[in-house]
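Counting begins at 1 with the first residue of the sequence. What you see is a predicted model; the values in this text were computed from it and never measured. Both backbone and side-chain heavy atoms feed into the values below; hydrogens, waters and symmetry mates do not.
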Amino acid sequence: MAYYFEEPSHTFGEYLLVPGYTPASYTPDKVSLRTPIVKFDKKNGEKCPLMMNIPMVSAVMQAVSDDKLAIALAKEGGISFIYGSQSIKDQAAMIARVKAYKAGFVTSDSNIRPDATLEDVVSLTAKTGHSTVAVTEDGTAHGKLVGIITGRDFRINHCPEGSKVESYMTGLKDLITGKDGITLSEANELIWAHKINQLPIVDDNGNLVSLVFRKDYSTHEAHPLELLDSKQRYIVGAGINTRDYMERVPALMEAGADVFCLDSSEGYSEFQARALKDLHDKYGSKIKVGAGNVVDREGFMFLAENGADFVKIGIGGGSICITREQKGIGRGQATATIEVAKARDEYYAKTGIYVPICSDGGIVHDYHITLALAMGADFVMLGRYFARFDESPSNKLVINGNYVKEYWGEGSNRARNWQRYDLGGKKGLSFEEGVDSYVPYAGHLHDNVGLTISKITHTMSNCGALSIEELQQKAKLTLVSSVTIQEGSAHDVVVRNTSIHAE
């Protein structure tokens with residue numbers, strides 16, 4: 001006989017947090033949102049090898065996670081999982097571009113040989129828009145540095161035609177340089193101490209590695225939570241499937257991917273167990289691979305026992321997902337998160353290993369993120385949320401007079417990411433499990449994530465919690481009725497249009 005759950009499953013929109021006591025010192029600015037993303041031996045005091053500074057990752061989707069969004073999100077303290085429904089070469093190139101960005105250490109894109117002419121310099125700066133040109137022996141970004149030339153070093157109309165760069169550049173002997181491995185803070189100290197605008201970074205052989213500009217440090221200061229690896233490069237994740245992982249993963253690791261996610265609509269399968277085993281057998285502790293998606297205790301235990309470094313929760317809850325409509329499988333996201341969190345704690349009590357869980361889908365409002373965290377999630381994965389921003393890869397359009405961004409599911413006919421819905425049969429999609437849509441354009445990622453984080457930290461302060469772990473221990477949650485939800489919105493008033501201002 002089939003098993004029947006006694007209670008209906010619930011969504012985040014059916015819950016509210018009940019405030020707790022807030023001590024005077026528990027102000028929002030004191031709240032830390034640092035959270036683990038991969039498993040670790042917590043009981044024996046091991047530190048998690050990969051942490052995030054905010055509990056937000058971007059979804060493994062064509063319309064969401066490319067290198068541009070990955071850099072923007074890493075600046076805020078989160079991680080993007082670059083979509084895997086593309087060629088191995090293209091995905092590796094995206095990963096490499098994120099790792100090359102290096103948070104303030106800029107690879108020079110304006111380079112010239114010393115025997116080039118000043119006319120060549122003018123042409124190059126017009127092309128790149130950058131007035132600082134590195135002079136290297138071979139004219140490449142990583143050649144042996146011999147000098148720097150800028151627009152302040154010459155006036156083209158007052159120089160003889162055909163004048164050489166080497167006659168006008170600031171030579172190496174007169175340059176202040178930094179050694180490869182210097183931190184951004186140390187580089188900034190040199191810039192200010194010597195009153196210079198840029199600092200070339202060179203390796204032990206005198207080859208140019210990168211440039212640090214005075215103006216870029218202010219950008220660094222504006223992103224105090226940025227997520228960096230031991231080499232001061234941005235952290236980035238990658239989505240993989242259960243078909244070509246043994247060919248794809250080596251290329252992505254070579255490119256610098258820090259963490260992987262087996263991207264599947266349903267993860268309680270032999271295919272995911274096989275992939276986890278193969279990858280950990282080959283790479284051991286050097287590789288971190290999350291798995292999913294699951295919606296109950298059994299699914300979590302299966303993936304945890306097969307070596308998943310984190311487990312992703314959610315089937316059918318995404319705004320563009322129609323898996324429940326097409327297949328009739330899934331579960332309310334709140335109920336799924338609560339049950340999997342209990343399984344995570346049970347597994348930790350039994351083994352001492354803490355396996356982080358990610359709530360993926362069902363987030364409609366910012367406060368739903370706080371609810372997911374209170375229910376036990378260590379972080380959330382978001383698609384629609386990030387698709388709205390300038391940094392997402394989709395097109396910005398005007399529809400009915402409003403700016404929108406295109407947003408489509410991986411199971412849609414447009415993406416045709418059949419590997420995500422792979423059940424071991426023929427290659428290809430038998431039917432769609434996602435839709436092609438638009439989302440309201442929302443501007444820059446930095447501004448919106450900052451607002452969301454502010455809402456989360458203020459709510460946590462209301463609940464008397466300064467960390468996600470403390471929130472999970474102290475949170476009090478209540479189911480609400482439909483009229484309670486209605487009561488919580490503006491009602492029985494005529495809302496003024498605040499966008500209209502008197503002349």
Side-chain angles (χ1 to χ4, degrees), residues 67-68 71 89-90 92-184 186-220 231-234 254-256:
D67 49 300
K68 185 178 179 182
I71 291 168
K89 180 181 178 182
D90 288 346
M94 284 190 181
I95 298 290
R97 287 196 291 271
V98 177
K99 302 308 285 189
Y101 196 88
K102 209 178 176 184
F105 293 82
V106 180
T107 298
S108 177
D109 66 354
S110 300
N111 310 285
I112 206 160
R113 291 164 55 104
D115 57 357
T117 66
L118 296 183
E119 287 81 8
D120 293 330
V121 175
V122 172
S123 177
L124 178 61
T125 56
K127 179 181 177 181
T128 64
H130 298 150
S131 60
T132 298
V133 178
V135 185
T136 59
E137 285 186 353
D138 60 3
T140 68
H142 300 297
K144 189 174 288 291
L145 182 67
V146 295
I148 293 286
I149 188 166
T150 74
R152 292 187 301 275
D153 294 321
F154 65 94
R155 295 169 66 189
I156 191 65
N157 295 328
H158 292 72
C159 299
E161 186 176 350
S163 296
K164 301 297 183 182
V165 169
E166 57 194 353
S167 300
Y168 291 84
M169 70 183 186
T170 301
L172 182 61
K173 64 182 178 61
D174 297 317
L175 287 176
I176 303 299
T177 61
K179 284 292 184 183
D180 190 22
I182 190 173
T183 68
L184 192 57
E186 291 168 342
N188 188 60
E189 289 297 326
L190 283 175
I191 286 172
W192 281 95
H194 295 280
K195 299 179 180 178
I196 54 180
N197 290 317
Q198 72 280 323
L199 180 74
I201 307 299
V202 296
D203 63 19
D204 292 337
N205 296 317
N207 296 316
L208 179 64
V209 176
S210 58
L211 297 170
V212 178
F213 292 90
R214 181 194 292 253
K215 63 180 178 60
D216 285 345
Y217 192 75
S218 62
T219 300
H220 173 70
K231 296 181 180 178
Q232 302 298 301
R233 304 173 302 177
Y234 285 131
E254 176 78 17

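With contacts defined as side-chain heavy-atom distances shorter than 4.5 Å, the pair Tyr168/Val121 does not qualify. Residues Ile182 and Leu190 meet the side-chain proximity criterion, which asks for heavy atoms closer than 4.5 Å. Between Thr177 and Leu172 the shortest side-chain heavy-atom distance falls below 4.5 Å. With contacts defined as side-chain heavy-atom distances shorter than 4.5 Å, the pair His142/Thr107 qualifies.
When every heavy atom of Ser108 is checked against every heavy atom of Ala134, the shortest pair comes out as OG-CB, 3.8 Å. What you find for Pro160 and Ser163 is that their closest heavy atoms are O-OG, 2.5 Å.
With hydrogens and angles ignored, the 3.5 Å screen pairs no side-chain donor or acceptor of Ser123 with any backbone N or O of Glu119. Looking at Lys179, its side chain never comes within 3.5 Å of a backbone N or O of Ile201 through a donor-acceptor pair.
In this structure, Asp174 places its CG atom where more than 12 heavy-atom neighbours from other residues, nucleotides or ligands lie under 6.0 Å away.
How far CE of Met94 is from NZ of Lys89: 13.5 Å, rounded to the nearest 0.5 Å. The distance from the OG atom of Ser131 to the CG atom of Leu124 is 11.0 Å, given to the nearest 0.5 Å. To the nearest 0.5 angstrom, Asp109 atom CG is 10.0 Å from Lys127 atom NZ. Between the CZ atom of Arg113 and the CG atom of Asp138 there is a distance of 7.5 Å, given to the nearest 0.5 Å. Taking CZ of Phe213 as the reference point, atom CD1 of Ile196 lies at 11.0 Å (rounded to 0.5 Å). Atom CG in Leu199 sits 8.5 Å away from atom OG in Ser210 (nearest 0.5 Å).
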Inset, instruction - Assess whether side chain to side chain contact (heavy atoms under 4.5 Å, CB included) is satisfied between Thr117 and Lys164, documenting all intermediate values. - result: CA-CA 4 Å; Thr117 66; Lys164 301 297 183 182; 4.2 Å; yes

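Checked against Asn111 for a side chain to side chain contact (heavy atoms under 4.5 Å, CB included), the options Leu208, Val133, Thr140, Val135 give a single hit: Leu208.
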Expected list for residues 143-156: side-chain donor-acceptor pairs under 3.5 angstrom, two or more places apart:
unit_1	atom_1	unit_2	atom_2	d
Lys144	NZ	Asn205	O	2.5
Thr150	OG1	Arg152	N	3.2
Asp153	OD2	Thr150	N	2.8

